[in-house]
Student: 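One structure, as structure tokens, below. Some questions next.
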Amino acid sequence: MNTVADNPLLDFSALPRFDAIAPSHVAPAIDALLKEADAALENVTAPEFPADWSALSARLDVSTERLSRAWGAVGHLNSVADTPELRAAYNEALPRVTEFWTRLGADERLYAKYKAMDVSRLNPEQAQAHRNAMRGFVLGGAELQGEAKQRFAWLQERQAELAQKFSENALDATDSFSLYVSPEDLEGVPADVQQATRAAAQADGQADHKLTLKMPCYLPVMQFARSSALREKLYRAYVTRASDQAEGDATRFDNTTIMAELLALRHEEAQLLGHRHFADVSLVPKMAESPEQVIGFLRDLARKARPYAEQDVKDLREFAAQELGISDPQPWDWPYIGEKLKEARYAFSDQEIKPYFTAPKVLAGLFQIVETLFEVSIRRDIAPVWHPLVEFYRIERRTATGPELVGQFYLDPAARNGKRGGAWMDDVRARWLRPDDGSVQTPVAHLVCNFAEGVEVNGVRQPPLLTHDDVITLFHEFGHGLHHMLTRVNERDVSGISGVEWDAVELPSQFMENFCWEWDVLKHMTSHVDTGAPLPRDLFDKMLAAKNFQSGLQTLRQVEFSLFDMLLHSQPAPVSSGEDILALLSQVRDEVAVLQPPPYSRTPHTFSHIFAGGYSAGYYSYKWAEVLSADAYSAFEEAARASGHSTLDVATGRRYREAILEAGGSRPAMESFKAFRGREPGLDALLRHQGMA
């Protein structure tokens with residue numbers, strides 16, 4: 001099963017054959033590609049092979065890129081279409097793949113070839129990729145010797161294994177919970193949510209309503225269910241997922257020991273590389289200069305946000321006591337109180353808005369913004385997919401000779417079992433001037449969300465309805481996708497999102513969120529599910545008035561996560577037990593939080609960003625990049641004020657596209673930002689956008 005005809009993972013002639021990939025294809029394909037990559041590594045590290053960028057790329061990078069693409073397809077399916085068979089195949093191959101990449105990054109012979117290259121002969125993109133590669137060799141352990149090198153390799157394999165197990169536990173703990181309740185229990189919950197929970201129960205052969213911990217079900221129940229007892233039951237299940245506090249046999253998914261071991265291994269890795277702790281290692285390729293600088297930034301932000309957060313809590317408590325008869329609010333009451341206060345203060349509810357945001361209309365509106373601002377066109381395309389609800393699109397640039405393909409993307413919007421929670425963008429392949437045949441490979445991206453599916457009403461299947469938060473999420477992930485797909489860089493390792501500092505990579509995603517608050521933009525992407533009417537202006541005005549509702553609380557929540565992550569990874573000795581992890585989190589909450597969860601809450605146990613998602617000692621990146629994105633967006637606000645038109649200013653969009661999106665990782669992010677804004681970023685725009693100026 002090692003031929004292209006038999007094994008779709010070995011077919012690189014076009015897009016991945018997602019509909020044909022089976023678990024049985026994984027091991028033979030990965031083994032064949034590892035063998036091929038190993039042969040390429042031996043070839044380029046031979047003494048007679050020239051220390052030449054192009055020659056090395058044509059031999060080694062072509063082979064390793066094939067391995068990356070095949071393994072990327074397997075990893076993607078593992079995230080969105082998990083089955084016991086696929087999981088077993090993935091976990092069986094994971095150690096071998098990790099071992100190869102670790103060995104490649106630490107190969108002294110390859111490091112020597114890069115050192116021997118004549119950098120003066122490289123173009124600017126290649127020079128940047130070369131600098132990144134040299135830094136990567138040092139971080140990859142290429143300068144270690146003997147036992148230290150072997151230990152470093154083992155650390156990489158063990159960390160990959162633990163991160164995968166953490167992710168599996170979080171998914172399984174979420175999927176394993178269900179609660180059947182009567183219609184009376186769901187009093188106050190929106191009709192479309194009740195229709196979905198009823199359909200879920202019927203699918204299980206049950207008469208009532210099925211509740212789960214997936215966001216399209218969990219969040220509206222917490223916001224709208226009048227039953228405090230039901231909210232408490234769901235809340236407790238949610239905050240104890242994958243922990244020792246879970247109910248019944250769900251404790252089998254406990255991530256406690258995995259977190260402790262991961263932290264110990266990361267600390268050991270840092271020590272082997274000559275750093276104080278893992279936070280130092282994490283920041284080497286980032287914009288921020290030190291953990292101390294990040295901690296100072298976060299504490300400064302917390303100080304500025306705290307008065308607003310304290311006022312938020314005061315308002316919630318007073319409203320709960322006076323209007324809802326809740327004199328002693330509990331943690332599971334806050335979302336409910338918050339929603340009721342928002343309804344009372346701004347005379348609207350998230351559920352009132354939801355019927356206007358049908359998924360097809362929102363998507364069409366998003367595409368129109370991108371087409372206008374970045375001078376491209378987006379249209380449906382055809383490719384093999386892994387689920388019937390997945391859509392595929394192409395982006396084209398208008399040229400004098402006709403449309404030119406820029407990039408393509410898969411959109412997988414719906415929540416379902418076997419698909420991990422959250423939303424993310426991932427790359428299928430990068431833009432690359434291929435060194436083997438001289439062709440330009442166009443970039444392809446995955447855009448993944450977890451929205452509710454459309455429900456059947458009176459025998460008619462409705463399109464999915466999105467909350468405004470869902471709309472923001474979609475715009476956010478599309479921003480990442482644009483960064484990946486609109487690049488004009490030809491060197492794979494610095495094209496698109498590749499090579500961009502981790503704490504700047506959220507700039508394009510958070511930038512796109514701003515358009516979700518512009519009337520001239522929003523009115524074109526709304527259509528009531530029953531009447532087809534656009535969102536009324538007075539309802540939008542209420543939304544806008546409520547935009548920064550509880551922004552103080554939300555800012556402190558993000559600071560809490562970010563500070564916990566950075567302190568966790570910058571201790572002089574590793575935080576080596578579940579008790580120590582929780583104690584540190586408690587210490588952070590005492591410093592910055594204005595609301596405390598109950599003692600049984602186990603937030604870290606599903607904090608996949610830092611334990612399984614590449615954000616370890618990097619979660620602060622969201623707030624750091626928010627400063628950049630708010631300042632970047634203010635250029636569009638300035639253009640709108642000057643012209644008297646909307647923020648969809650084509651000239652500003654062109655400058656932004658050229659300076660930031662097209663440049664990708666080909667230069668430091670600060671250089672790209674300054675190329676666009678003409679100066680370094682300031683905090684003012686962020687505080688103004690969040691109502692804390």
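Remember, predicted model here, so these are calculated numbers, not experimental data. Worth knowing before you read on, the calculation uses all heavy atoms, side chains too, and leaves out hydrogens, waters and symmetry mates.
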Student: For the side chain of D175 and the backbone of G418, is there at least one donor-acceptor N/O pair under 3.5 Å apart?
Tutor: yes
Student: Can you tell me if E637 and H689 form a side-chain donor-acceptor pair at under 3.5 Å?
Tutor: yes
Student: Is Q206 close to D208 at the side-chain level, that is, under 4.5 Å between some pair of heavy atoms?
Tutor: no
Student: Looking just at side-chain N and O atoms, do S182 and E184 make a donor-acceptor pair shorter than 3.5 Å?
Tutor: yes
Student: Would you say the side chains of E626 and Q690 form a donor-acceptor pair under 3.5 Å?
Tutor: yes
Student: With a 4.5 Å limit on heavy-atom distance, are the side chains of F511 and I660 in contact?
Tutor: no
Student: With heavy-atom distances below 4.5 Å as the criterion, would you say the side chains of Y308 and N548 are in contact?
Tutor: no
Student: Do P463 and V529 touch side chain to side chain, with heavy atoms closer than 4.5 Å?
Tutor: yes
Student: Are E232 and R236 close enough for a salt bridge, meaning some N to O gap below 4.0 Å?
Tutor: no
Student: Distance check, rounded to the nearest 0.5 Å: K547 atom NZ versus W517 atom CH2?
Tutor: 6.5 Å
Student: Please tell me whether R394 and S377 have a donor and an acceptor in their side chains that are separated by less than 3.5 angstrom.
Tutor: no
Student: Over 60° means perpendicular and under 30° means parallel, so tell me whether Y633 and F636 are parallel, tilted or perpendicular.
Tutor: parallel
Student: Does any N or O in the side chain of H484 come within less than 3.5 Å of the main-chain N or O of G407, such that one atom is a donor and the other an acceptor?
Tutor: no
Student: How long is the span from the CG atom in L86 to the CD1 atom in I21, to the nearest 0.5 Å?
Tutor: 9.5 Å
Student: Hey, does the Lys NZ or Arg CZ of R345 hover above the aromatic six-ring of F549, less than 6.0 Å from the centre and inside 45° of the axis?
Tutor: no
Student: Run through Y356, W519, F357 and flag the one making a ring pair (Phe, Tyr, Trp, His ring centres under 6.0 Å) with F540.
Tutor: W519
Student: Can you see whether D649 engages T652 through a side-chain donor-acceptor pair at a distance of less than 3.5 angstrom?
Tutor: yes
Student: Would you say K340 and I337 make side-chain contact, with heavy atoms under 4.5 Å?
Tutor: no
Student: Does a donor on one side chain sit under 3.5 Å from an acceptor on the other, for D204 and Y180?
Tutor: yes
Student: Would you say H476 and E506 make side-chain contact, with heavy atoms under 4.5 Å?
Tutor: yes
Student: Does either side chain, that of T606 or that of Y238, offer a donor lying less than 3.5 Å from an acceptor on the other one?
Tutor: no
Student: From E662 CD over to R657 CZ, what is the distance, rounded to the nearest 0.5 angstrom?
Tutor: 4.5 Å
Student: Using side-chain heavy atoms (C-beta onward) and a distance below 4.5 Å, is M525 in contact with V471?
Tutor: yes
Student: Determine whether the aromatic ring centres of Y622 and Y615 lie less than 6.0 Å apart.
Tutor: yes
Student: Going by the angle between their ring planes, with limits at 30° and 60°, are F367 and F478 parallel, tilted or perpendicular?
Tutor: tilted
Student: Rounded at 0.5 Å granularity, tell me how far OG1 in T442 sits from CZ in R429.
Tutor: 4.5 Å
Student: Where do A545 and Y346 come nearest, in terms of heavy atoms and distance?
Tutor: O-CE2, 3.4 Å
Student: Does D631 use its side chain to pair, donor to acceptor, with the backbone of L628 at less than 3.5 Å?
Tutor: no
Student: Would a 4.5 Å heavy-atom cut-off, applied to side chains only, mark Y410 and V444 as touching?
Tutor: yes
Student: Should the pair D185-K233 be classified as a salt bridge under the 4.0 Å nitrogen-to-oxygen rule?
Tutor: no
Student: Nearest 0.5 Å, please: how far is CG in L482 from OG1 in T487?
Tutor: 12.0 Å
Student: Can you tell me how the ring of W332 sits relative to the ring of Y235, calling it parallel under 30°, perpendicular over 60° and tilted otherwise?
Tutor: tilted
Student: Indicate the ring-plane relationship of H609 and Y619, choosing parallel, tilted or perpendicular according to the 30° and 60° boundaries.
Tutor: perpendicular
Student: Taking all non-hydrogen atoms of both residues, which atom of L230 and which atom of A225 are closest, and how far apart?
Tutor: CD2-CB, 4.3 Å
Student: Do D541 and R537 meet the salt-bridge criterion of a basic N to acidic O distance under 4.0 Å?
Tutor: yes
